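Below, chain A is the first sequence line, B the second, and so on; all start at residue 1. Note that the coordinates shown come from a computational prediction; the quantities given were computed from them, not determined experimentally.
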Amino acid sequence: MPEATEHNSLEKVYSSAEVEAKWYAHWEKNGFFHATPNPDKQAYTIVIPPPNITGVLHMGHILNNSLQDAFVRYKRMMGYEACWIPGTDHAGIATQNVVERALMKEGKTRHDLGRDKFLEKVWEWRKQYGGVIIQQLRKLGSSCDWEREKFTMDETLSEAVREVFVRLYEDGLIYRGKYIVNWCPKDHTAISDDEVNYSEQQGKIYYIKYPLVGTPNEYAIVATTRPETMFGDAAIAVNPKDERYAHLVGKAAMLPLAGREIPIVADDYVDASFGTGMVKITPAHDPNDFWVGQRHNLPQLNVFDVSAKLNELTPEKYRGMDRYAARKVAVADLEAQGLIAKIDDHTNSIGRCYRCDTVIEPYLSDQWFVKMKPLAEPALKVVEDGTIKFYPERWTKVYQHWMLNIRDWCISRQLWWGHRIPVWYCIGDDHCTLDCKKPIVSRTTPEKCPYCGSANLRQDEDVLDTWFSSWLWPFSVHDWPQEGNHGKAADLRYFYPTDTLVTAPEIIFFWVARMVMAGLKFGPSFTGSNDPAKNIPFKEVYFTSIVRDDKGRKMSKSLGNSPEPLDLIAAYGADAVRFTILYLAPLGQDIIYSSEKNELGRNFANKIWNAGRFLLMNRDQTGEAPKKSEFNLDHLDLADRWILSRFHSTTQEIMASLKDFEINKVSRTIYDFFWHDYCDWYVEMIKSRLYGNEPLEVKQAVVSRALDIFDGALRLLHPIMPFITEELWQHIRTRTADQTIMRAQIFEADTRLIDKQVEDEMAFVQNVIESIRNIRGEMNIAPSKEISLVMKLSPARHANRLKQYEGYLQRLARVTSLSFISNGARPKLAASAVVQGEELFIPLEGLIDLEFEKARLKKEIDRLNGVLNGIRAKLNNESFVAKAPKEVIEKEKEKQSIFEMNIEKLQKSYEALS
RNA sequence: GGACGCUUAGCUCAGUUGGUUCAGAGCGCCGCCCUUACAAGGCGGAGGUCGUAGGUUCGACCCCUACAGCGUCCACCA
C-alpha cells in the first residue's frame, strides 16, 4: 500500500507523474482490474478494439480508450462485474511491411530469408516492439484486465480461425474463385487497397469502332482508356434503359485486331450518358467489368503475364510487348484500319504501388471467398430490430445500406505474416484419383491425402485477411473453441455477449458488421441458444469522433499535426488529458483538438486538488469528528442542505447522460458541480462557520459533512480522472490496503434529497450576493471595502430567516451589517437593486458617485422596460390571446405584473437620488 | 453522383415536449483583487439580428423547403 494516509499536507500545485505511477502499480499489483465470473453480480464487458502491434498511441487511441475506461470504471463502481479485455492485432500487411523495411536496410528481401526464417524475424520484432502500445495504454490509466490480454496470433486464437474456416467451408460458405486484385507488375505481388496510392493523371480516352456482325459498315463505338486490354474483351455492354442501343442487345460485334466475335449485353452498370454509352467489357482486367462478367457469365481472358506484358492469348504481333508499348501499337494499328473514331484528353486517377510507384494492374487471380449474403441477413436484422443499438443512431442506415449491397468477402492475402489458410493440396502420385484435385480443408495439418493416401501434400501459400481473426475477437478471447479445455467455459458464458463496443465509424464494415455476423453464426455453438440476443457479440456500439487539429484537418501521422500523447500526459497529467478529450467529445461529432486545450483538464485537476487541501487542512485543525457525521436534516444549515440537493441531482444527471453515452455532458456536469456549486458557493459558505466562533464540535461536523460530499463527488469523477481522485480519496479517510476508490460504490441518487425549496432559497441568497457584487463592480467599490446592507422584504419573505444567512453575506459580499426596513421607508442615499421582487439598498455615505448610480439604475430600468414592452405587445396581440394556451397567457400576465412592480421600485429609487 | 452530418460570441462548444429574466459556458479580451484551498485562482464587465432566403405558427436558435459554405462515408471516373 503506497503511503497515502501518512501525509496530509499536500503540495500547493498538483503534480501528476508520481501519483499516476504510484496508483497504477498499486491497482495492478492488487488485481483490482481483474474480473471473474460472479453469480451475484451482473457482468459488464468490453473488448478492446485490438490496436495493431505496429501502432503507437495516437490521439484516436486516447479518445477511444478514455471512453472505454470511463465506461468500465463507472460500471465497476455501480456494482457490475466489469471486465475490459485487452489485446493486440497482428496486422498482416502493416507488420510485414515494417519488418521488410528493416530487412531492406540490410539489403535483403524476405525472399532471401525464405518464409520460415522471415516469420521468425517477425515474431522477434513483435516480441521486442509489439508491446509498446500496451504499455502506453497503462500510462493513460486504462483499467484493462491484463491477465486476459490476447494477441490475434496466439495459438488459441489461431485455432479459432481454423475452426471457423473449416466450419464455413463445410457449410458451403467458403469457396475458391477468381478475383481481381491490385497487382504490382514489378514486385510480382498482390497488394491491398490501402497500399495503392491514387493520383490524378492527364491521359487519353480512345473511341474505338467495333464492327457489328451482320450489318456491314455499322459499328459499336466504345470509349476506353486502355486499348491494350481489348484482346481480353468478352462483351460490349449498354444500359438496358438506353433506347439508342436496345436493338443491338443480343447481337454481336467483331473484336478488331483479334478477329473474334463478342456479344452485346445489357447491364445497369453502364452509364448511358458517359462516352458513347457503350462499354467494352474486359472481365480479367477491370474490377467492374469483372462483376459484369460474373452476371453475364462471360469468359475471363487474362491477356497479361505477371510483368504486365502481353501473353499468348494475344495476336502474335503483340506477344511479349509491355502494356504501354502494346497500347501505342494497337492504337496505330486501329488507326490504320480506320477504326479509331476519335481520341480525347481525359483526366483519370490511377493507382500506383506504394513501394515502387509502378502503376498497379488489376489482375485476375485465384482467391478464397466467404459468401456473405447468408451471414448478412441475420446480422442486418438484429440492428434493425434494436437488439444491437448504435450510438449515434444514424450509423444504422450506413450499416443497412452496406448489408443490403454486400459482396462476397475475399479472405486470402498474398502475404506471409498471418494465419495460413488451412487448406492443403495433394501433389499426388500414381494413385491419385479425381477427388485428389479437391482442396483438403482441415483443422490440423493432414498427414496424407484422404483419397490416395499420398503424403505429398502442399499447404496453400496464402494467409487470411487480418479481419478474419478480428471478427471472432469477442469470443476468441475466451479461448473458443477450446474454452472447455482451457478452463474458460465459465468465462465465455459469463462475459459473452459483451456490452459496449467503442470503435471508429470507418471500420463499421471491416470489423463491426463482421463481428455481428460471426457472433450470430458461431454463437449458438457455445451459448447453446438460437436467440439472437444471446449470440450477438455486443449490445451497444459507440462510434467515436474523429480528432482533428485546429485547422479542421484529421490528425494523422503523415501530416504530422498530432501531438504526441505521451508528451501530453507528461505535461498535463493523464487525468487532465482524459478529462479534456472526454469533455470535448460530443456524440457523433468531430473533435477540434489542440494541446493547449488540456489546460482545461489540468486546471480542473488543480482545482479539485486544492479543494482537497482545504478540507484536509481544516480537518487537521479541528480534528476528526468523534463519529462519522450523518446527514440528519434537522441539523443542517442551508448550505449543507443545498449542496446535498445539488449533489443528488448531479448524480441523477450524470447517470442519465451516461445511459445516452453523452460523456461530454457527464464531464461538464461533474465539472460544474465541483467547481461552481461545491467550490465557489458551498466551500466559501462553510468558511463563515469554520472561521467563526462556532464550538469545535460544530466545526468538526462541518468539515466532516464537507468531506462526505467531497467523497461522493470524487467517486462520480473517478472514472474520468482516476488518479487524482484515488490520491485524494485515500487521504480524506483512513483506508485499508484493499480499499480503492475504483472499487468503491457510486452513491445512488436519492431524489428525496433533491429539494426545490432549498434550492430556491439558496438562489435568493446567491442573487442578493451577486447583486451586491455587481454594484461593487460597476460602482468601483473595492472588494475589501466593507458595506452595510438594508433590505426591504415583502411579507412572504421572513426577515429573520434571511438573518440566518448573514454569515454568508459577510463572507461572500463583505456585508458588515444587515438591517431591515419596513414598507415606505428608504435610506437616503443608497445604491439599490431589486432581487426576486425584494428591494436591496447599500447606503453610500461617500462610497458612491450619485450620477454613476443614477446612470446604472437608468440602464437597468431601460432594460426591464424593453422586456416589459415585449410582454405587453404580446398580450395586446389579439391572435396571441385567442390562440395561445391559457397557461402561457397567465404566465405572461404574471410576468407583466412582476416587471411592472420591479420597474416601479427601481424608478422610486432613481427619483430618490434626484 | 448517392447517403449522412455540421453552420450560435474572436476561438472551441452547450442549448428538445417552439413561449424575451435562456441567447449561455470555457478560453481569449478589459477592469479590480497576491482575501489564511487554489494567480493553473477570485469578483465584475464588454462581445452574438443563432449561415442566407423563404415558409408553417399567436409565437422559431428549435419545425419545413431551397440555397451557400464546411465535413464524413460510399460509389464512380469505361
(request) Give the dot-bracket string for RNA chain B, reading 5' to 3', where a pair is Watson-Crick or G-U wobble with both distances under 3.5 Å, ( ) marks pairs inside the strand, [ ] marks pairs crossing earlier ones, | marks a partner on another strand, and . marks unpaired. (result) (((((((..((((.....[....)))).(((((.......))))).....(((((..]....))))))))))))....
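Across all strands shown, A/S784 has no heavy atoms under 4.0 Å from either base or sugar-phosphate atoms. Using a 4.0 Å heavy-atom criterion, one finds that A/V888 contacts the bases of the nucleic acid, with or without backbone contacts as well. At the heavy-atom level, A/D680 lies under 4.0 Å from the strands shown only through sugar-phosphate atoms. Using a 4.0 Å heavy-atom distance criterion, A/N902 is classed as a base contact. No contact: A/R814 has no heavy atom under 4.0 Å from any strand.
Taking side-chain N and O atoms only, A/W291 has no distance below 4.0 Å to OP1 or OP2 of B/rC76. At B/rA39, one or more side-chain N or O atoms of A/K12 fall inside 4.0 Å of OP1 or OP2 (strictly under the cut-off). Remark: A/N603 is in phosphate contact with B/rG41, judged by side-chain N or O atoms under 4.0 Å from OP1 or OP2. Distances shown here put a side-chain N or O of A/K607 below 4.0 Å from the OP1 or OP2 atom of B/rG42. Dashed line: the shortest gap from a side-chain N or O of A/N774 to OP1 or OP2 of B/rG45 is under 4.0 Å. Taking 4.0 angstrom as the limit, A/K397 places none of its side-chain polar atoms (N or O) nearer than this to OP1 or OP2 of B/rA3. Between A/N610 and B/rA39, a side-chain N or O to OP1/OP2 separation shorter than 4.0 Å is absent. Dashed line: the shortest gap from a side-chain N or O of A/K597 to OP1 or OP2 of B/rC11 is not under 4.0 Å. Distances shown here put a side-chain N or O of A/Y269 below 4.0 Å from the OP1 or OP2 atom of B/rC77.
At a threshold of 4.5 Å between non-hydrogen side-chain atoms, the residues A/W402 and A/L380 do not count as touching.
Of the possible polar contacts, none joining the A/T669 side chain to the A/I654 backbone as a donor-acceptor pair under 3.5 Å is found.
Between A/R548 and A/I871, the residue anchored nearer the 5' end of RNA chain B, judged by the nucleotide with its closest heavy atom, is A/I871. Closest-nucleotide positions on RNA chain B for A/K874 and A/A223 were compared, and the one nearer the 5' end corresponds to A/K874.
Aromatic ring orientation, A/F614 versus A/Y691: perpendicular (interplanar angle above 60°, classes split at 30° and 60°). Note: A/Y671 and A/H676 have perpendicular aromatic rings, judged against thresholds of 30 and 60 degrees for the angle between ring planes. Between A/F604 and A/F579, the ring planes lie tilted relative to each other; the angle falls in the 30° to 60° range.
Between A/Y583 atom OH and B/rA25 atom C1' the separation is 6 Å, expressed in whole Å. Taking atom OH of residue A/Y691 and atom P of nucleotide B/rU36, one finds them 9 Å apart after rounding to whole Å. Atom CD1 in A/I591 sits roughly 18 Å away from atom C1' in B/rC70 (whole-Å rounding).
Residue side chain A/E662 does not reach the base of B/rA14 through any donor-acceptor N/O pair under 3.5 Å, judged by distance alone.
No cation-pi contact links A/K607 to A/Y678, judged by a cut-off of 6.0 Å to the six-membered ring centre and 45° from its axis.
Comparing the same atom, C1', in B/rU65 and in B/rU72 gives a spacing of 24 Å after rounding to whole Å.
Environment of CD in A/Q294: crowded, with over 12 heavy atoms of neighbouring residues, nucleotides or ligands closer than 6.0 Å.
Comparing B/rG42, B/rG5, B/rG19 by their nearest atom to the side chain of A/K891 picks out B/rG19.
To the nearest 0.5 Å, atoms CZ (A/F509) and CE (A/M403) are separated by 9.5 Å.
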